[in-house]
Each structure stands twice: as C-alpha cells, then as structure tokens.
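Note that this is a predicted model, so its numbers are computed, not measured. Convention: sequence-line order gives letters A, B, ...; per-chain numbering from 1.
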There are 2 protein chains.
Amino acid sequence: MPANPPLNPLLHPAEGLTILDRLWYIIPWVHTCARDKCMATKPDPKKSRVSIKDIARAAGVSHSTVSRALRNSPLVNPETAAYIRQLAQEMGYIPNVIAQSLVTQRTYTIGVIVTSISDPFIDRIVEGIEDLATREGYSVFLCSSHADPGREIAVVESFHRRRVDGMIVIASRVGSLYTERLQELQVPIVLINNQAEGEYIYSVSVDDESGALAGVQHLLDLGHRRIGYVGCHFRPPSNRRRLEGYRQALRRAGLPYLSDLVVHPRTFSDIENGRQALDQLVAAGATGVLCYNDRTAIGLMTRAREQGVRIPDDVSVVGFDDIEASWYVSPALTTLRQPRFEMGHAAAEMLLALLAGEEVSDRVFPCQLVVRESTTPPGDRRT
Amino acid sequence: MPANPPLNPLLHPAEGLTILDRLWYIIPWVHTCARDKCMATKPDPKKSRVSIKDIARAAGVSHSTVSRALRNSPLVNPETAAYIRQLAQEMGYIPNVIAQSLVTQRTYTIGVIVTSISDPFIDRIVEGIEDLATREGYSVFLCSSHADPGREIAVVESFHRRRVDGMIVIASRVGSLYTERLQELQVPIVLINNQAEGEYIYSVSVDDESGALAGVQHLLDLGHRRIGYVGCHFRPPSNRRRLEGYRQALRRAGLPYLSDLVVHPRTFSDIENGRQALDQLVAAGATGVLCYNDRTAIGLMTRAREQGVRIPDDVSVVGFDDIEASWYVSPALTTLRQPRFEMGHAAAEMLLALLAGEEVSDRVFPCQLVVRESTTPPGDRRT
DNA sequence: CTGTTAGCGCCTTCAC
DNA sequence: GTGAAGGCGCTAACAG
C-alpha cells in the first residue's frame, strides 16, 4: 500500500470529447470516418482493437508520447497532446485496464462477498458499496458464499487471483480468522456485520445491543411486561448482542429473565423461524415480542394470522433491520432500522482509505426505532 | 470469438494439494516453513508476492516449465511437474489472472448491468447469473445504471475498458441500439427483459402477453366482468405487452375495452403507482385488477387498507413477478411468477455459448399463475 | 521433455 | 518535449 497512491486512470481517463462519445447511441455514424481511417492504418482484420501503438503510428510519434498525452502528463506539448487525444477519440481507442493493472500493480477493483444477493437486508449494503466504489472509479466483483465458510475462503482466493485491491465481506462466516492471514494476503479486507466469533480489525457493524434494548424499551413504555425474544441460532454474534440488549432492558425495568419467553427455532429460514416461535410465545403469555429481524417478525405474523392471533391487539411485534417489506405488510412493522446503505458506503470508504495508506478505525452504526402499526399497549384480553 | 475456446485456467488451476490450502484458516501455520523458504530465496521485502519466476528459481528450472507444470501440460515430466506444483503450493503461489488475461486476451469476467441491485425482482436474476458464471469459472462485475441510459452506456464503456468477455444487461434502457454498435464493441451482450423499444438479437425475456392474459383469464374464470389494469409508464415494451394480454383476454371473453378501467399513474415508484390507481379503479367499478407487477399490487393494497376497501372481498388483485413479499403480505398475493433465477441462468448460459462461438437463439420464458388469497369471486356488495 | 525468445498493452525511468 | 529500452507476470511458439 503506497503512501502516495497514484491517480485512478479510470476516473481521469482524459480522452477528450467524451460528450460526443456518450452520444454514439443517438448518432452512431459519427465515428464512421474515424473507423475507416483506423482500418486504413491498420488493416489486420483479426485484431482490430486499436492500441496505443496504433495511435502512435497514426500520429507519427512514439507510443510513450501517446501514453503521456492520454494521461494528461504535463511533459508533452499541449498541441500534440490535443491531436493525439483527438486521434484516439476518432479511432475509437479504449484503454486496456488489464495492461495498465499489470504495470501499475493496481486493478481498481474490489471484491464483495455476500451470503446471498437476494437477501433484502444485504442488497442495500451492496448498493452502498457499489455507489461509492463506482464514484471513485473502482469496479466491484460480486460473489456469494451462501453462508458456507469453505465457499467464502474459496472466493477470497479467487478474488486474490484477480488481484483485487481490497475486499468487503458481508456477514462473514470466517471473520476474525482473516486477521492471521491478512499479512500474507497483502490485501485489506473490511467486514460488515461479521457473523463469526472473535474481533476483527477492520469492520463496520450496527449497534445490536442498544438497538435491541431500544426495541424492548419501546414495548416496556407501551406497558408490556411479558416480552418475548425470537433469536437466530445461525448468526451467533449479532444474536448474542441483541439478546443481551433484550436482557439489559428487562434488567433495567426490574423484570426477570424468563427462559420460556426466549426461543431459538432451529431452521435456517428466518421466516420459518418466526412461524415456529409463535405458538410457544403465545403459550408463555407474551404480549410483546422482539424478533431477531424483520423476516422473522413477518414469519411470526403470517403464523399469527393463521392461528387467529391478532397483531398487535393480542401481541405486539418488533422487528429488526427495516427491510422494504416491513412497511407494507399488514400491520406495518415496528422495527429497528439499520442504515444499510450508509454502512455499505462506510465500508467502501474505509477500504479506499486503507488503500490510500490511511489509518482507519472501526465504525459502529446506531439503529433507529421506527414505530409503525405492529405495536400497541397490551390489551386486557388475557385477563 | 475463437471457434475452439481455451480452457478456463480459473476452473482448472491444478496447483495440487488444494485441500490443505483450503484449511489454512484452521491450521494457519502449515505454510510457515514454505514461506521461510520463499523468503530465503527471494529476500526482497517490498515485493514478496511470489511469481512463476521465483518458483522457477527455487526449482532450478525455467519459468516456462513452471508455467506448463502449473497448467497440467502433458509436455512436462510428471515428477518435475509434481515437484513444481508442490513447491508452488508451499511458497504460497497465487497465479496472476491479470497477467494471464493480458496474454490470452480473455479475462473470464462478465459485466452485469442492473437498474438497481435492491430491486427484489432483479436480485434473483443476478443470483442466477452469478451462480452459473461462478460455476464456469467466470467472475462477475456488477454495476447499476439507475435506469439512466447515459449511465448505462458509461458502464458499458467502463466494462469495455476492463475487457470483460461479455455483458448482460437487465431491463436495458438502450436495448436495440446495441445492435449497431455491437460489431465495434466486439463483445457479446445479452439483454434480459429489455425495456427499450426495438428488437435485439441476444435476449432473454418473459412472455408478458400470455402472462397477463392468464392473469385476467383467472379473474374472468372467477366471474369478474369489470376488470382493471394498472400499468407502468416507464417500462414501455413490457407494459405494452401486458396490456395487450389484458385486451386479448377481454376480447376473447367478448368484453369491451373500457379506458376508465386502465390507468397509468405517472410516478416512478411502483408502489406509489399502485396507491394512486386504486381510487379511480374503485370509482370505475372494478371488481378485479391486474397490476403491472407485485409492488404495484402491494401499493394498491396498502391504499385499499387505508380507504377501507377490502381485498379480495371488494376487489380482487393480481400481481406480476412473484417477489418474495407477495406471499407474506396480507392477503397473500395472487400473481404471475417469472422464473427469475432460471432467466439469469439462461442469460449466462447464452453468453457463455456466444463466447464459445456457438449459435444461440432468443429465449422466452412462460410465467406461471400462482393463486393465493387476493382473488375470489366477486361479491355482491356493489349491487 | 525443456529452455530461449517473443510478445500481450501499457507505464516509466533514462537519455537525448 | 520526446524516443528508446526495460519490465509488469504470464503464455506460446520455436528450437534444442
């Protein structure tokens, strides 16, 4: 990691006349003459992609001059530079990033590893990463691990072969084990919501504990006294922290921790877990429930509908994440919002800072209580 | 596009002992001695990444022999090959795909352009693409265009600079205009659910018309006679086809086409469009509605809830797409399922076939009616 | 079977 | 200001 990072050529392409280039789809014939010229200059039919050398030949200069001109080097005559740039433009030259990468040793790519792209929680994070990365001239490789640690490290190696400048792993199953290997990898890795045990240096996460605490506090404020928690057994660290927030809230309120009110279904589907939790919680007399995440809450709600348990009249429900669906299910879900897009942004920011040789420190985002329709004061139906 | 494509080195890495390698996170010290050896051989502290030459030096052979051995060429003595592979393994050699790409002129990457990653419709398609691509040793670049044609072509160029082997564009806004440029680009592009006017050669799409027809037919079968349609003005081609399916169904049933029953709200949010459509449709006396997509239907349902319009008692609703949320909203949504994962798969398959120099033809997928709770026979409340 | 020689397309000293 | 030369890491003829 160089202390003084080079300019990203993808951000500062400097070919000139790019506005025209962007309009090819409106006036596709603008380049016709230029293409003919190119063909005349270089009649090889197989390899018609124009390189820096072709331009050099056409311009009657050396390829190094072309190289310089194209990257706006001050060490070249402004006039020849302009001519070269125009020529490049006309000939339809498109720089070969592969070749650039080989010599500069930077690819301006980052690898992003997710458990699943179609997870409504993750997609916004990816969007945040992609947004910042693109803006900074980086491209992102996306690969899913399907929550399999073996896959995860296989992907890391695959990214490594591609010489990505850095990686971001969402909900990593390997997590802190990267630390040991990091120096060997020589590639910075930032973790978002790490789901493996242990601490990891570069990470972005959400404040699970105070989030859960705020959720339970909300139920307490409404007057609930028998509050349940539906956990997630396959995301141990965040589940532990959310459970801790739950306990903390009860403790503060002087309420006992009742194990009947805490359930950890064993399926690997959030929705199914929610569905399975309902009956036990109702039996235990819960009037309010904090769920590990929105999908769990939604699953619980679908089951409630089938069972004739009314939400929120019979039991109030609080989710976690604030996925899009949470506000258009019926009743709309009260939840703890994770600023996912911002978290993606932050992770990308941290990675780029790392690449620029800067010091970085972990970021923990607070979550925000969003009150909707799924929570009300407890009814007196139970008597 | 070579007629006889080379083997993908990412799929056939052939370093041997990969099982051990995959276990580094369990026993991270296994490579220690090898690393020491490497260090001893090449004490340069800055550039400690081992290359093919380092291995050659360590093994006492030429780098081309190493290259051959590493790619399982039969032109090398099995014993030395084994030795070299082991050495590579021990020294922690990781092939440089960038360098490989430069010489082979293939990057084994594909670029995927989406309108938005967090669109629940799109994410499954991306998943399908990624699944097949990964399996075939390709990596995927993901970039979003935010439905902006200018962005879309900018991304195409950016991918072009990176020398992706091919691209897939979901819901393209440029569409058939690629055709003209395609020969210049020299990179195959496959379109999924093209949303620009005009025909395009390589495309994967869903049969909008018969889908919509089936949806309306379902309502007709239930006994509905006043059936509305909520369209989408910013996806003209598919909207036109779905509308055509709607008309077709009415025509077959001998029902007139009533413009009061067809509404195209002008916002750019599916959900908001659904919300805005409700009042007019109710005023027009619709008892059943086909919506452009599930989010539109869900928006319409949220508005109905607010207005006291009961679904499905007062009006039956049919969506399109079958996004995850459609089955856990209340009432669960009757919809036309698009096989999104398979469509992503098909697009990737088509692209790889193109890269292998094979002939391909368009694919159109049928959609499947999924009946849930949002549709029932019309009540007689209206009298 | 193996080593030598050329590049792939580009950037970068180093001379002129 | 500009060109010549070397090299990034690897593959692919071509000779031995």
Those residues that, when tested against S144(A), pass side-chain contact (heavy atoms from CB on, under 4.5 Å) (two or more places apart):
V114(A), H146(A), E130(B)
Separation of dG9(D) C1' from R49(B) CZ (nearest whole Å)
12 Å
S172(A): which residues meet the side-chain contact (heavy atoms from CB on, under 4.5 Å) condition with it, sequence neighbours left out?
E152(A), V169(A), V174(A), Y178(A), L191(A), N194(A)
Using the C1' atoms of five pairs at each end, what's the angle between the two axes of the helix from dC1(C)-dG16(D) to dC16(C)-dG1(D), to 10 degrees?
50°
Could you check how far NE2 of H63(A) sits from C1' of dC10(C), rounded to whole Å?
9 Å
Would you say Q100(B) reaches dT11(D)'s phosphate, i.e. side-chain N/O to OP1/OP2 under 4.0 Å?
yes
Non-neighbouring partners of A59(A) that pass side-chain contact (heavy atoms from CB on, under 4.5 Å), sequence neighbours left out:
V61(A), Y83(A), I84(A), L87(A)
Taking atom C1' of dG3(D) as reference, at what distance in whole Å does atom NZ of K53(A) sit?
14 Å
Could you pull out the protein-nucleic contacts involving nucleotides 14-16 of chain C (nitrogen or oxygen on both sides, under 3.5 Å)?
none

Separation of dG7(C) P from I98(A) CD1 (nearest whole Å):
21 Å
If I take atom CE in residue M91(B) and atom P in nucleotide dG9(D), what distance separates them, rounded to the nearest angstrom?
13 Å
Does a side-chain N or O of S67(A) approach OP1 or OP2 of dC11(C) to a distance below 4.0 Å, or not?
yes
Start at the 5' end of DNA chain D and walk down; is the nucleotide closest to L102(B) or to L75(A) reached first?
L75(A)
What is the separation between atom CZ on R71(A) and atom P on dG1(D), rounded to the nearest whole Å?
19 Å
H345(A): ring pair (Phe, Tyr, Trp, His ring centres under 6.0 Å) partners, not counting sequence neighbours:
F341(A)
For dG3(C), does OP1 or OP2 lie under 4.0 Å from any side-chain N or O of T65(B)?
yes
Who passes side-chain contact (heavy atoms from CB on, under 4.5 Å) against V360(B), sequence neighbours left out?
Y202(B), M350(B), A353(B), L354(B)
Closest-nucleotide mapping onto DNA chain C: is S64(B) or A99(B) further toward the 5' terminus? I mean the 5' end.
S64(B)
Roughly how many Å is it from CD in Q105(A) to P in dC8(D), rounded to a whole number?
9 Å
R162(A)-S139(B) side chain donor-acceptor pair, cut-off 3.5 Å:
yes
Between T65(B) and S62(B), a side-chain donor and acceptor under 3.5 Å:
yes
Keeping D165(A) on the side-chain end and T107(A) on the backbone end, is there a donor-acceptor pair under 3.5 Å?
yes
Would you mind classifying the nucleic acid contact of S101(A) as base, sugar-phosphate or nothing, using non-hydrogen atoms under 4.0 angstrom?
nothing
Quick check: on DNA chain D, is the nucleotide nearest S62(A) upstream (toward 5') of the one nearest V103(B), or the reverse? Name the residue that is more 5'.
S62(A)
List in chain and number order the residues that pass salt bridge (Lys or Arg N to Asp or Glu O under 4.0 Å) with E136(A), two or more places apart in sequence or in another chain; answer none if no residue qualifies.
none
Kindly state each residue pair satisfying salt bridge (Lys or Arg N to Asp or Glu O under 4.0 Å) with at least one member in residues 349-358 of chain A, sequence neighbours excluded.
E349(A)-R363(A)
Side-chain donor or acceptor of T80(A) under 3.5 Å from a matching atom on the base of dT2(D)?
no
Here the distance between atom C1' of dG9(C) and atom CZ of R57(A), to the nearest Å, is 13 Å
